[in-house]
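Shown next, in structure tokens, is the structure this report addresses.
The figures that follow rest on heavy atoms only: side chains count, while hydrogens, waters and symmetry mates do not. Remember, predicted model here, so these are calculated numbers, not experimental data. Residues take their numbers from the sequence shown, with the count starting at 1.
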Amino acid sequence: MSAPAFSSDPTDFKGRTILVTGGTMGAGEAIVRRFAAAGGAVVTTARSEPRQALPATFFAADLSTHEGVASLVQALTRQFSQIDVIVHNVGGSSAPGGGFAASGEDAWQAALNLNLMAAVRLDRALVPAMVERGRGIVLHMTSIQRKLPLHESTIAYAAAKAALSNYSKSLSKELGPKGIRVNAIAPGWINTTASQAMVTRLAQSGKTDEATARQGILDALGGIPIGRPAWPEEVAELVAFLASDRAASIHGAEYVIDGGTVPVV
């Protein structure tokens, strides 16, 4: 089954500047392309250069560090008059399999820095200007693992995403009256190179094959009722909707896109 194709109004985001972190591959790349197709001026960032041309201005930065966030903010200030939409997509896990005892202090700190503090630091730098203008959109990419953690390999990642979800809700309460809409998106399994890398890592640490590792993830999730992971383009469509004026009354919410994986309300 191939990825879906969506049409978009090329003027939806005309005149707006959108920052998408972690936008060089997977869901991030799809989000970049979706905003660009809708007329937005897109800026993206990652640790390394994109592998293929993107319809966006790219800045290399490691947002898991204070220095990386500061360098990005300086670059944005030099080149853009304002940022209208922030999509905090950067995140991930590099922890080994083996449960809680396999991840040491460094692995925990790395997960928190990448999946929580990158958003906190960037919001602290960029949101005050939105408040001055009385308008802006902030979207945090959380995960269904905030309520359905995979203890075998991503316990620190899941904890960081739970914290990000809580932080996003807290921020919405403060910023809503000031004209800033804040929402979160909680994807389940997305069909990306990063998810494939996790399968490979689990297969290696468990001394098994990738089919067994993939099935282990599905079993831990309890299955995906629609029978497949989400496509990056489907996640991007939800992000674009929440950032658009069509969602003007949606605020302080967290939207799950997981094919029905989470088995409870």
Inset, instruction - Using a cut-off of 6.0 Å, state whether more than 12 heavy atoms not belonging to Arg124 lie near its atom CZ. - result: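 No, because the 6.0 Å sphere around CZ of Arg124 holds 12 heavy atoms or fewer from other groups.
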Please name the pair of heavy atoms, one in [X] and one in [Y], separated by the smallest distance, quoted to 0.1 Å.
X      : Y      : answer
Arg47  : Ser64  : NH2-OG, 3.5 Å
Ala186 : Ile144 : O-CG2, 3.6 Å
Gln52  : Glu29  : NE2-OE2, 3.0 Å
Gly91  : Asn115 : CA-OD1, 3.2 Å
Leu242 : Arg181 : O-NH2, 2.9 Å
Asp123 : His88  : OD1-NE2, 2.5 Å

Inset, instruction - In sequence, state the C-alpha distance, the side-chain angles, and the governing distance for Arg16 and Asp245, and then conclude on salt bridge (charged side-chain N to carboxylate O under 4.0 Å, His left out). - result: CA-CA 12 Å; Arg16 299 189 194 180; Asp245 292 339; 2.8 Å; yes
Inset, instruction - Could you give me the CA-CA distance, side-chain angles and deciding distance for Met141 and Val239, then say whether side chain to side chain contact (heavy atoms under 4.5 Å, CB included) is met? - result: CA-CA 9 Å; Met141 195 69 71; Val239 170; 3.9 Å; yes
Should [X] and [Y] be counted in the same cluster of Ile, Leu, Val, Met, Phe, Trp and Tyr side chains packed under 4.5 Å apart?
X      : Y      : value
Leu114 : Leu122 : yes
Phe6   : Ile185 : no
Val42  : Leu238 : yes
Leu175 : Val87  : no

Hey, is the main chain of [Y] close enough, under 3.5 Å, to the side chain of [X] for a donor-acceptor pair?
X      : Y      : answer
Ser8   : Pro10  : no
Ser143 : Lys161 : no
Glu234 : Trp231 : yes

Inset, instruction - Start with the C-alpha gap between Asp62 and Thr65, add the side-chain angles, then the distance that decides, and say whether side chain to side chain donor-acceptor pair (under 3.5 Å) holds. - result: CA-CA 6 Å; Asp62 180 359; Thr65 67; 4.7 Å; no
[X] versus [Y]: any side-chain heavy-atom pair under 4.5 Å?
X      : Y      : value
Asn113 : Gln109 : yes
Asn183 : Ser168 : no
Ile137 : Ile180 : no
Thr44  : Ile31  : no
Ile18  : Val43  : no
Lys147 : Val262 : yes
Ile86  : Met130 : yes
Asp12  : Asp9   : yes

Inset, instruction - Only pairs at least two apart or in different chains count here, so list each ring pair (Phe, Tyr, Trp, His ring centres under 6.0 Å) that has a residue in residues 12-67. - result: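 Listed by first then second residue: Phe13-Phe35.
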Legend entry - Pairs touching residues 174-207 that satisfy ring pair (Phe, Tyr, Trp, His ring centres under 6.0 Å), sequence neighbours left out: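 Output for this query is empty, none listed.
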Inset, instruction - Mind checking the OG1-CG spacing from Thr45 to Leu72? Nearest 0.5 Å is all I need. - result: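 Nearest 0.5 Å value for the OG1-CG distance: 5.0 Å.
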Inset, instruction - Working to the nearest 0.5 Å, report the span between NZ of Lys169 and CG of Asn166. - result: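 Between atom NZ of Lys169 and atom CG of Asn166 there are 10.5 Å.
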Inset, instruction - Step by step, work out the side chain to side chain contact (heavy atoms under 4.5 Å, CB included) result for Leu126 and Leu76. - result: CA-CA 10 Å; Leu126 298 179; Leu76 292 172; 4.1 Å; yes
Inset, instruction - Output, in order, the C-alpha distance, side-chain angles, deciding distance and verdict of side chain to side chain donor-acceptor pair (under 3.5 Å) for Thr142 and Glu254. - result: CA-CA 9 Å; Thr142 62; Glu254 184 172 52; 2.5 Å; yes
Legend entry - Stepwise side chain to side chain contact (heavy atoms under 4.5 Å, CB included) test for Thr57 and Gln79: CA-CA 10 Å; Thr57 301; Gln79 193 159 338; 3.8 Å; yes
Inset, instruction - Kindly determine whether Leu139 and Val182 satisfy side chain to side chain contact (heavy atoms under 4.5 Å, CB included), including the steps that lead there. - result: CA-CA 6 Å; Leu139 298 174; Val182 182; over 6 Å; no
Inset, instruction - Would you kindly say whether Thr17 and Gln82 are connected by a side-chain donor-acceptor distance under 3.5 Å? - result: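 No, no side-chain donor-acceptor contact under 3.5 Å.
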Legend entry - Salt-bridge present (Glu233, Arg34; N to O < 4.0 Å):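 Between Arg34 and Glu233 there is no salt bridge, as every charged N stays at least 4.0 Å from the carboxylate O atoms.
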Inset, instruction - List, by chain and then residue number, the residues other than Tyr157 in its hydrophobic cluster (Ile/Leu/Val/Met/Phe/Trp/Tyr, side-chain heavy atoms under 4.5 Å); write none if there are no others. - result: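 Cluster partners of Tyr157: none, it stands alone.
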